[in-house]
Amino acid sequence: MEATVNRGTQTQTQTETDIAVVGGGPVGGLMACTLARAGYTVRLFERGPAPDPEHPREDTRGYALAAGSVTLLDDLGYWAELATTAAPIRRIVVSRRGGLGRVRMDAAQMGREALGQVVPAAALDPLLARARDAAGVSSHHATTLAGAEAAEDGARRLHLEGPDGAWSCRARLLIAADGVGSPTREALGIPVQRHRYDADALVFDVHPSRAHDGEAFERFTDEGPLALLPQADGRMNVVWVAPPEVCDARLELDEPARMAALQERIGWALGRLHPAGDVLRFPLQRMHAPQPFAERALLLGNAAHSVHPVAGQGLNLALRDVADLLGVLREGAQPDGRPAFVADPGGRHVLEAWARRREGDIRRIVGVTDFLARGMRHVDGLLGHALGLGMMTVDRVPPLRDAFARGAMGLRPVPRHTLSRLPEARA
C-alpha cells in the first residue's frame, strides 16, 4: 500500500509493511526471507548498492558455522546448496603457546561427520539474495534510515533516504541488523555497554603445504588467540589477534617476514604456510545491549551484541537470535499442519518474550569469550601449570572432552517444530 504524505514542506511517498529489516548481511538477509516465508510482508533496507550478478564482489572470507547453525540452515532449507562449497571442520586442536596441555576434539569420536562447517561468504550472500527474491521480500538498496519514530497507531514510521529521494514506511516491527555501529540502534536510543579490547585482529588466507584435512587450530598466546580455519579449496583462514601496536608492526612487514612470524607462532603442523590474499584489520570490542528492544523495534546480531572472535561465536550467536524470534512468533499450527504465526509481530509481549529467551545465551557467550580473550593472555607460573593440567584432563576424559566440544559446536535443542514446514525455500 502506498500513500502521499507531507513532512514539513516536503511531499513523500509512504508505504506499509508488517516488518522492516535494516541491514542486508547474512543475519538480516536470513531473517527477512524466513519472515516472508512465514507469511509477513517484509521490506529490507540496505545502504550498499544492489549486487551485480555479472560482476560479483570478490570476497575470500569464510563464515565459521557451528553444528547448531548448520542444523538451523538445514531445517530452513538452505543448507543443501551451501554444503557443496563448505569445508567441514572434522577436528579442532586447542593449545597454549609455550604451555602444557592441549584439547583435541574429533567429530568421528563423537559419532558426527563434522564439528562445524566453514562456508565461503561468496556462496552465502548470493544464496540469501536469491532466497529473499523468491520469498517476496521487497529489497531497497542504497537506502539509509533518517529516523524511526513511534507512531500513534501502534507502528514505527521510518523516514528513509534513497535513490529517488526521501520517503517513509510504516511498519509494525522494525528489526535493526545493521552491524556493530548500527545507525538504527542510535536512532532508537537503545543504550549499550562497550569495552574496547587492547587488541585488533588481522584476517587473511594462507595455503599450507600440507593438506589441512578439515583440522582447525586455536592457539592461545601472550598476545591473544590465533586461529586457523579450513577452507574448501585447501586454503586456511587466519584470525591473528594482537595489541594494536603489534598489528601495526606486522602490517609493515613484507609477506615472507609476516609468514615467518606466523609460522613461529603457530608451528609446523601444516608445513610451510604461503600467503593467499590481502590482509584485513578489525578493531575488537565487546558490545552488549542489556535490553535489545524498544517500542515495536528490536536489535539483531551485531547490532545487539558484538563479541571477541575467539572460538568463532559471533555469527552463530546471531543465528540463534533468528531461530528464537521465529520460535516466539509461532503461535500454533494451521489446519494443514504448517506453523501459524502471530498477527502482530511487534507486540510488546512478543519482544519481551524474545528478549527473555535470548538473555541467558547472550550473557553466557559474552562472558566466555571475554574470559578467553583477556584471561588467557597472562597465565603463567602455578596458574599456568594448573591450566595446562586442566586441559590435559579434559583431553583425556571423554565425557569432559565431549561436553567441551558440544559447547564449541553450539549444540542445543533446535525448535524444529517452529522452523519446519514453512513454505518451500526457493533459493
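Residue numbers start at 1 and run along the sequence shown.
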Next item on the list: Test Phe45 against every option in Leu174, Thr144, Leu158, Val21 by the side-chain contact (heavy atoms from CB on, under 4.5 Å) rule and name the one that passes.
Entry: Leu158

Margin query: Please determine whether a side-chain nitrogen of the Lys or Arg among Asp222 and Arg265 lies less than 4.0 Å from a carboxylate oxygen of the Asp or Glu.
Written below: yes

Next item on the list: Spell out, as yes or no, whether a donor-acceptor pair under 3.5 Å connects the side chain of Asn302 to the backbone of Gly179.
Entry: no

Check: Between Arg156 and Gly346, is there a donor-acceptor pair closer than 3.5 Å when you use the side chain of the first and the backbone of the second?
Finding: no

Item checked: Arg130 bridged to Asp133 by N-O distance under 4.0 Å -> no

Next item on the list: With sequence neighbours excluded, tell me which residues meet ring-ring contact (aromatic ring centres under 6.0 Å, His included) with Tyr197.
Entry: His195, His308

Next item on the list: Hey, could you give me the SG/CZ distance between Cys33 and Arg132, rounded to the nearest 0.5 Å?
Entry: 7.5 Å

Next item on the list: Give, for atom CG of Leu115 and atom CD1 of Ile89, the distance between the pair rounded to the nearest 0.5 Å.
Entry: 7.5 Å

Next item on the list: Run the numbers on Val279 and Val203 for side-chain contact (heavy atoms from CB on, under 4.5 Å), then give the verdict.
Entry: CA-CA 6 Å; Val279 180; Val203 181; over 6 Å; no

Margin query: For the residue pair Gln263 / Arg272, report whether a side-chain donor-acceptor contact shorter than 3.5 Å exists.
Written below: no

Notebook entry, point to check: Is a donor on one side and an acceptor on the other found under 3.5 Å between the side chain of Arg91 and the backbone of Asp213?
Noted result: yes

Next item on the list: Report yes or no: does Thr85 contribute a side-chain atom to a donor-acceptor pair with the main-chain N or O of Ala123 at less than 3.5 Å?
Entry: no

Checklist line | Donor-acceptor under 3.5 Å (Glu218 side chain, Val94 main chain) | finding: no

Next item on the list: Specify the closest pair of heavy atoms between Val192 and Ala289, including all atoms of both residues, with the distance to one decimal.
Entry: CG1-CB, 3.8 Å

Item checked: Minimal non-hydrogen separation, Pro126 against Ala121, with atom names -> CD-O, 3.9 Å

Notebook entry, point to check: Is there a donor-acceptor pair under 3.5 Å between the side chain of Arg37 and the backbone N or O of Tyr40?
Noted result: no

Next item on the list: Without swapping roles, check the side chain of Gln231 against the backbone of Asp233 for a donor-acceptor pair under 3.5 Å.
Entry: no

Margin query: Can you confirm if the aromatic rings of His140 and Trp167 lie within a centre distance of less than 6.0 Å?
Written below: yes

Next item on the list: Enter the distance from His141:NE2 to Thr143:OG1 here, rounded to the nearest 0.5 Å.
Entry: 8.5 Å

Margin query: Quick one: does any side-chain atom of Asn316 pair with a main-chain N or O of Ala66 as donor and acceptor, under 3.5 Å?
Written below: yes

Next item on the list: Check Val322, Leu44, Leu35, Val22 against Ile175 for a side-chain contact (heavy atoms from CB on, under 4.5 Å) and give me the one that passes.
Entry: Leu35

Notebook entry, point to check: When you look at Leu325 and Leu298, which way does the side-chain contact (heavy atoms from CB on, under 4.5 Å) test go after all the steps?
Noted result: CA-CA 10 Å; Leu325 182 57; Leu298 63 83; 4.0 Å; yes

Item checked: For Leu351 against Phe293, the heavy-atom pair lying closest together -> CB-CD1, 3.9 Å

Check: Are Glu215 and Arg210 close enough for a salt bridge, meaning some N to O gap below 4.0 Å?
Finding: no

Notebook entry, point to check: To the nearest 0.5 Å, how far apart are CZ in Arg90 and CD in Gln117?
Noted result: 8.5 Å

Note to self: Nearest 0.5 angstrom please: Thr84 OG1 to Leu82 CG, how far?
What the structure shows: 7.5 Å

Check: Considering only heavy atoms from C-beta outward, does the side chain of Pro88 approach that of Glu113 to under 4.5 Å?
Finding: no

Note to self: Measuring only between side-chain heavy atoms, which start at C-beta, is Leu315 closer than 4.5 Å to Ser69?
What the structure shows: no

Check: Does anything in residues 178-188 pair up under side chain to side chain donor-acceptor pair (under 3.5 Å), and if so which pairs, sequence neighbours excluded?
Finding: Asp178-Ser182, Asp178-Thr184

Checklist line | Test item: Val70 and Trp79 side chains (from C-beta on) under 4.5 Å apart, heavy atoms | finding: yes

Next item on the list: State whether Arg358 and Asp321 are salt-bridged, where the test is any N-O pair (Lys NZ or Arg NE/NH1/NH2 against Asp/Glu carboxylate O) under 4.0 Å.
Entry: yes

Next item on the list: Apply the test salt bridge (Lys or Arg N to Asp or Glu O under 4.0 Å) to residues Glu352 and Arg357: give CA-CA distance (whole Å), side-chain angles for both, the deciding distance (0.1 Å), then the verdict.
Entry: CA-CA 9 Å; Glu352 290 179 343; Arg357 186 176 291 195; over 6 Å; no

Margin query: Is any side-chain heavy atom of Leu228 closer than 4.5 Å to one of Ile266?
Written below: yes

Note to self: Salt bridge check, Asp248 against Arg281: does any charged N sit closer than 4.0 Å to a carboxylate O?
What the structure shows: yes

Margin query: Could you work out, with ring-ring contact (aromatic ring centres under 6.0 Å, His included) as the rule, every residue matching His305, not counting sequence neighbours?
Written below: none

Notebook entry, point to check: Any donor-acceptor pair under 3.5 Å linking the side chain of Arg258 with the backbone of Arg250?
Noted result: yes

Check: To the nearest 0.5 Å, what is the distance between OH (Tyr78) and CG (Leu72)?
Finding: 10.5 Å

Checklist line | Any donor-acceptor pair under 3.5 Å from Arg43 side chain to Ala20 backbone | finding: no

Check: Taking side chain as C-beta onward, heavy atoms only, is Leu160 less than 4.5 Å from Ser168?
Finding: no

Checklist line | Other residues, nucleotides, ligands: >12 heavy atoms within 6.0 Å of Arg47 CZ | finding: no

Next item on the list: May I ask you to check whether Phe282 and Trp240 place their ring centres under 6.0 Å from each other?
Entry: no

Note to self: Are the side chains of Leu319 and Leu65 in contact, using a 4.5 Å heavy-atom criterion?
What the structure shows: yes

Margin query: Could you go through Leu76 and Leu30, starting from their C-alpha distance and side-chain angles, then the distance that decides it, and tell me whether this counts as side-chain contact (heavy atoms from CB on, under 4.5 Å)?
Written below: CA-CA 10 Å; Leu76 291 171; Leu30 180 66; 4.1 Å; yes

Margin query: Is there a salt bridge (Lys or Arg N to Asp or Glu O under 4.0 Å) between Asp361 and Arg320? Walk through the geometry before answering.
Written below: CA-CA 9 Å; Asp361 187 25; Arg320 295 198 291 274; 2.6 Å; yes

Margin query: What I'd like to find out is whether the side chain of Arg348 reaches to under 4.5 Å of the side chain of Glu295, using heavy atoms alone.
Written below: yes

